[in-house]
Student: 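Sharing a structure below in structure tokens format, with a few things to ask.
Bear in mind that the values here come from a model prediction, so they are computed numbers and not experimental data. If you read the sequence from its start, that first residue is 1, and numbering goes on from there.
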Amino acid sequence: MKKILLSLCTLVGTLAFAQQNKEYKTQYSTNAINLYSQDINSGNAKYIGVGGAVGALGSDITSVEQNPAGLGVAINSDVQVTAGISTFSNKTNFGTNIKQSDNNFDFQQFGGTFVFANEASKWNRFTIGVAYLNQRLDNYSSIGTNEGIKFADPDGTFNGYLKDIDGYKSKFSVNLGTSYDDKVYLGFGLNFHETNYSGYEQYAERDDNNNQTYVYNANGAPFREIGQGFSFSLGAIYKVNHNVRLGAAYHSPVWYNVVEDFYSAKNSFDYDKRTADTYYMYSSDYDMTRGGRFVGSLGFVVGKNLSIGADYTYHMNNDTKLKPTQYFNGDNNFINDFVKNSNEVRVGTEYRIDRFKVRAGYNYITSPYKDFNTSKVLNTEFRDENNVPQNINLKNAFAGDINRVSFGLGYDFGGFYIDAAYQYQTQKYQQLIGGTNFVDPNYDEKLQGYYFVSLPSYSPKVKLDNNLFLLTLGWQF
């Protein structure tokens with residue numbers, strides 16, 4: 001394993017862009033936005049069941065994901081654990097439709113809330129809470145043979161494309177909450193993040209002279225990254241009256257250190273011989289600041305039977321930066337010019353019938369990417385699914401608008417309780433592929449090097465669906 005300067009790293013699917021003499025690269029930047037986001041779609045079954053719209057309602061340990069002041073609302077101590085099954089279904093359209101799916105069982109969440117009452121003071125409660133959240137990042141997309149895409153020298157046909165991400169991100173938090181006269185609630189949290197994933201990207205080409213298929217790795221693949229980071233959160237909730245509550249919270253950026261291993265040919269390509277001199281595993285590390293978010297919340301409580309929550313979140317994606325900056329000019333330029341801050345709306349409700357509870361929620365999150373025209377920004381040639389060079393408007397490249405719908409049920413046995421929830425998430429986006437060199441990982445003695453092919457850029461359409469099934473067991477005391 002060899003160490004190299006980050007300035008020499010060329011990773012998986014790095015599309016080169018050029019505009020006004022700027023260099024744009026997308027591998028690190030799009031991974032930073034898509035895989036290292038500050039928030040995490042995980043929690044207990046109650047939280048997921050109401051769509052996570054709990055920023056002004058609080059009382060539950062998972063509510064700290066929206067507003068740490070929610071701990072101050074809690075009047076009972078509580079411990080809980082959540083297990084679940086997460087699935088994804090990826091449908092890719094590029095001449096043909098291919099669907100891939102998979103599922104995983106995980107412990108999604110565990111946490112505890114410990115309440116200390118002080119009736120002698122207007123600061124009448126002090127609460128300590130710890131929480132662990134886990135979210136799968138798995139996404140596997142496959143593109144089949146496209147007879148409309150032919151290449152010369154040698155005569156070849158586009159015979160398939162695979163792109164795989166397998167891993168998770170997790171968050172462990174220690175939180176403090178307090179109540180002032182059951183009117184004002186304050187909270188503070190320290191958060192420890194980890195993103196851990198591996199991936200590969202492969203292109204298959206059929207030699208039409210001998211009907212053999214050859215498989216090539218994208219330069220920079222396979223790869224693996226482990227990022228560990230730290231953030232903090234602050235929040236407040238104000239009880240306007242018995243029915244209305246207002247909440248506000250700030251979640252700081254996450255300061256990450258990322259360690260990576262990857263295979264690369266570096267800059268050893270000989271375009272006359274179509275070979276690369278080297279193809280080794282390399283290691284490096286870098287720092288990342290992942291943009292934070294603001295959360296504003298409104299809650300309604302009607303008696304002891306009905307609660308309704310609404311949260312708005314402003315995600316500061318454009319504040320994301322990779323360091324050392326001299327090695328990441330292309331990726332930081334891409335974030336500055338093509339990544340936008342995004343908006344999220346959550347609504348949810350819970351209705352209680354004696355000990356039985358029914359929940360429902362909805363989320364909408366806008367894409368963090370701006371639309372762009374390939375004629376203005378792509379430095380590599382862009383072609384359609386019939387291999388015809390053209391310029392198009394790319395909408396929701398890399399990630400689309402997200403819609404989530406959730407439902408949940410719960411039953412309180414008196415101390416011990418059980419909750420269940422289901423969440424469906426969907427998004428549509430255009431996945432940019434190609435635009436880089438693809439290397440045969442097997443050394444060719446005859447050619448005295450690693451044979452490689454170069455692909456133009458393509459943009460298959462993707463529909464990604466995720467399902468989450470959760471079961472929470474808890475005990476209040």
Student: Verify the neighbour count for atom NZ of Lys463: are there more than 12 heavy atoms of other residues, nucleotides or ligands below 6.0 Å?
Tutor: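 Yes, the 6.0 Å shell around NZ holds more than 12 heavy atoms from other groups.
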
Student: Please check if any side-chain donor atom of Asn343 sits under 3.5 Å from a side-chain acceptor atom of Tyr312, or the reverse.
Tutor: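 Short answer, yes.
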
Student: Kindly determine whether Glu260 and Tyr286 satisfy side-chain hydrogen bond (donor to acceptor under 3.5 Å, both in side chains), including the steps that lead there.
Tutor: CA-CA 9 Å; Glu260 59 177 353; Tyr286 62 93; 5.0 Å; no

Student: Considering only residues two or more places apart or on different chains, which pairs with a residue in residues 42-67 satisfy salt bridge (charged side-chain N to carboxylate O under 4.0 Å, His left out)?
Tutor: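 Only Glu65-Lys171, Glu65-Arg293 qualify under salt bridge (charged side-chain N to carboxylate O under 4.0 Å, His left out).
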
Student: Check the pair Thr82 / Asn44 against side-chain hydrogen bond (donor to acceptor under 3.5 Å, both in side chains), numbers first and verdict last.
Tutor: CA-CA 6 Å; Thr82 302; Asn44 61 28; 5.6 Å; no

Student: Under the ring pair (Phe, Tyr, Trp, His ring centres under 6.0 Å) definition, can you give me all pairs with a residue in residues 55-98, not counting sequence neighbours?
Tutor: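 Ring pair (Phe, Tyr, Trp, His ring centres under 6.0 Å) check on residues 55-98 returns Phe94-Phe158, Phe94-Tyr458.
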
Student: Does CD1 in Ile75 sit with more than 12 non-hydrogen atoms of other residues, nucleotides or ligands closer than 6.0 Å?
Tutor: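 No, not enclosed.
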
Student: For Gln80 and Asp78, which I'm curious about, is there any donor-acceptor pair between the side chains at under 3.5 Å?
Tutor: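 Yes, a side-chain donor-acceptor pair sits under 3.5 Å.
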
Student: Go through the steps for Val244 and Phe300 under the test side-chain contact (heavy atoms from CB on, under 4.5 Å), then give the verdict.
Tutor: CA-CA 5 Å; Val244 180; Phe300 298 93; 4.1 Å; yes

Student: Looking at every non-hydrogen atom in both residues, tell me the closest pair between Gly72 and Ser179 and how far apart they are.
Tutor: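 Closest approach of Gly72 to Ser179, heavy atoms only: O-CB, 3.5 Å.
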
Student: For Lys91, does the NZ atom sit with more than 12 other heavy atoms under 6.0 Å from it, leaving out its own atoms?
Tutor: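 Not buried by this count: 12 neighbours or fewer within 6.0 Å.
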
Student: Any chance you could measure Arg136, atom CZ, to Thr87, atom OG1, to the nearest 0.5 Å?
Tutor: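 One gets 12.5 Å once the value is rounded to the nearest 0.5 Å.
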
Student: How close do Ser367 and Ser342 get, counting heavy atoms only, and between which atoms?
Tutor: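 Reported closest heavy-atom pair: O-CB, 4.1 Å.
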
Student: Step by step, work out the side-chain contact (heavy atoms from CB on, under 4.5 Å) result for Thr30 and Leu432.
Tutor: CA-CA 11 Å; Thr30 56; Leu432 286 180; over 6 Å; no

Student: Is it the case that the side chains of Ser283 and Asp261 hold a donor-acceptor pair, with the cut-off being a distance below 3.5 Å and no angle test?
Tutor: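 Ser283 and Asp261 do have a side-chain donor-acceptor pair below 3.5 Å.
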
Student: Can you spot which of Val50, Thr349, Leu298 makes a side chain to side chain contact (heavy atoms under 4.5 Å, CB included) with Ile308?
Tutor: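 Answer to the side chain to side chain contact (heavy atoms under 4.5 Å, CB included) test with Ile308 among Val50, Thr349, Leu298: Thr349.
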
Student: Please round to the nearest 0.5 Å and tell me the distance separating atom CZ of Phe105 and atom OG of Ser86.
Tutor: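 Rounded to the nearest 0.5 Å, the CZ-OG separation comes to 10.5 Å.
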
Student: What class does the angle between the rings of Tyr197 and Phe223 fall in, given that below 30° is parallel, 30 to 60° is tilted and above 60° is perpendicular?
Tutor: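 The rings of Tyr197 and Phe223 stand perpendicular, inter-plane angle above 60°.
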
Student: For side-chain contact (heavy atoms from CB on, under 4.5 Å), just list the numbers for Asn76 and Val115, CA-CA rounded to whole Å, side-chain angles, deciding distance to a tenth of an Å, and then say yes or no.
Tutor: CA-CA 6 Å; Asn76 295 311; Val115 179; 5.8 Å; no

Student: In this structure, which one of Thr178, Leu186, Ile61 forms a side chain to side chain contact (heavy atoms under 4.5 Å, CB included) with Leu71?
Tutor: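 It is Ile61; the other options fail the test.
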
Student: Do the ring planes of Phe398 and Tyr369 sit parallel (below 30°), tilted (30 to 60°) or perpendicular (above 60°)?
Tutor: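 Because their plane-to-plane angle lies in the 30° to 60° range, the rings of Phe398 and Tyr369 count as tilted.
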
Student: Between the side chains of Asn341 and Asn317, is a donor N or O closer than 3.5 angstrom to an acceptor N or O?
Tutor: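 The answer is no; no qualifying pair exists.
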
Student: Would you mind telling me which of Arg290, Glu225, Lys169 makes a side chain to side chain donor-acceptor pair (under 3.5 Å) with Tyr36?
Tutor: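 So the option named by the test is Glu225.
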
Student: How many angstroms lie between atom CD of Gln66 and atom CG of Asp39, to the nearest 0.5 angstrom?
Tutor: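 One finds 8.0 Å between CD of Gln66 and CG of Asp39.
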
Student: Could you tell me whether Arg125 and Asp182 have a side-chain N and a carboxylate O separated by less than 4.0 Å?
Tutor: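 Result for this pair is yes, salt bridge flagged.
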
Student: Got a second to check how far Glu350's CD is from Asn305's CG, nearest 0.5 Å?
Tutor: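 Answer for the CD-CG pair, Glu350 versus Asn305, is 10.0 Å.
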
Student: I need the full list of salt bridge (charged side-chain N to carboxylate O under 4.0 Å, His left out) pairs touching residues 394-422, with sequence neighbours left out, sorted by first then second residue.
Tutor: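 Passing the test, one end in residues 394-422: Arg359-Asp419, Asp371-Lys395.
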
Student: Within a 6.0 Å radius of atom NZ on Lys370, are there more than 12 heavy atoms belonging to other residues, nucleotides or ligands?
Tutor: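 Atom NZ in Lys370 is crowded, with more than 12 foreign heavy atoms closer than 6.0 Å.
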
Student: Side chains of Asn336 and Lys321: do they bring a donor and an acceptor to under 3.5 Å?
Tutor: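 A pair is found: one side chain offers a donor N or O, the other an acceptor, under 3.5 Å apart.
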
Student: So, Asn243 side chain and Val301 main chain: donor-acceptor pair closer than 3.5 Å or not?
Tutor: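 Answer holds: yes.
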
Student: Side-chain contact test, heavy atoms from C-beta onward, threshold under 4.5 Å: evaluate it for Asn139 versus Gln100 and give yes or no.
Tutor: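 SC-SC contact between Asn139 and Gln100 ruled out.
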
Student: Does atom CZ of Phe107 have more than 12 heavy-atom neighbours from other groups under 6.0 Å away?
Tutor: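 No, the 6.0 Å shell around CZ holds no more than 12 heavy atoms from other groups.
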
Student: What I want to check is whether the side chains of Gln202 and Asn217 have a donor and an acceptor closer together than 3.5 Å.
Tutor: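 On atom types as modelled, these side chains qualify, holding a pair under 3.5 Å.
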
Student: I would like to know whether Trp475 and Phe416 meet ring pair (Phe, Tyr, Trp, His ring centres under 6.0 Å); could you show each step before the answer?
Tutor: CA-CA 4 Å; Trp475 178 48; Phe416 173 74; 9.5 Å; no

Student: So does Lys99 have more than 12 non-hydrogen atoms from other groups sitting under 6.0 Å from NZ?
Tutor: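 Counting other residues, nucleotides and ligands, NZ of Lys99 stays at 12 neighbours or fewer.
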
Student: Going by ring pair (Phe, Tyr, Trp, His ring centres under 6.0 Å), Tyr132 matches just one of Tyr168, Phe110, Phe192. Which one?
Tutor: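 Result: among Tyr168, Phe110, Phe192, Phe110 is the only option passing the ring pair (Phe, Tyr, Trp, His ring centres under 6.0 Å) with Tyr132.
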
Student: Begin with the C-alpha distance, continue with both residues' side-chain angles, and end with the deciding distance and a verdict on side-chain hydrogen bond (donor to acceptor under 3.5 Å, both in side chains) for Asn41 and Gln423.
Tutor: CA-CA 10 Å; Asn41 181 38; Gln423 180 193 80; 2.9 Å; yes

Student: Does the side-chain contact (heavy atoms from CB on, under 4.5 Å) test come out yes or no for Arg245 and Val73, once each step is laid out?
Tutor: CA-CA 11 Å; Arg245 295 173 183 174; Val73 181; 3.8 Å; yes

Student: Please step through ring pair (Phe, Tyr, Trp, His ring centres under 6.0 Å) for the pair Tyr327 and Tyr28, ending with a clear verdict.
Tutor: CA-CA 11 Å; Tyr327 299 139; Tyr28 289 101; over 10 Å; no

Student: Ring pair (Phe, Tyr, Trp, His ring centres under 6.0 Å) for Phe413 and Tyr411? Distances and angles first, verdict last.
Tutor: CA-CA 6 Å; Phe413 292 90; Tyr411 191 84; 4.8 Å; yes

Student: Could you give the distance from CG (Asn34) to OG1 (Thr195), rounded to the nearest 0.5 Å?
Tutor: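 Output value for this atom pair is 11.5 Å.
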
Student: To the closest 0.5 Å, what do you measure between CZ (Arg352) and NZ (Lys357)?
Tutor: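 So the CZ of Arg352 and the NZ of Lys357 are separated by 4.5 Å.
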
Student: Minimum heavy-atom separation for Ser89 to Ser101, with atom names?
Tutor: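 So the two residues come closest at CA-CB, 4.1 Å.
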
Student: At their closest point, which heavy atom of Tyr429 faces which heavy atom of Ala399, and how far apart are they?
Tutor: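 The pair with the smallest heavy-atom distance is CB-C, 3.7 Å.
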
Student: Under a 3.5 Å cutoff, is there a donor and acceptor pairing between the side chains of Asn329 and Asn333?
Tutor: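 No, no side-chain donor-acceptor contact under 3.5 Å.
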
Student: Let me know which of Thr313, Asp311, Asn67 forms a side chain to side chain donor-acceptor pair (under 3.5 Å) with Ser297.
Tutor: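 Of the listed residues Thr313, Asp311, Asn67, the side chain to side chain donor-acceptor pair (under 3.5 Å) partner of Ser297 is Asp311.
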
Student: Can you list the steps and then say if His193 with Ser231 is a side-chain hydrogen bond (donor to acceptor under 3.5 Å, both in side chains)?
Tutor: CA-CA 8 Å; His193 304 254; Ser231 70; 2.7 Å; yes

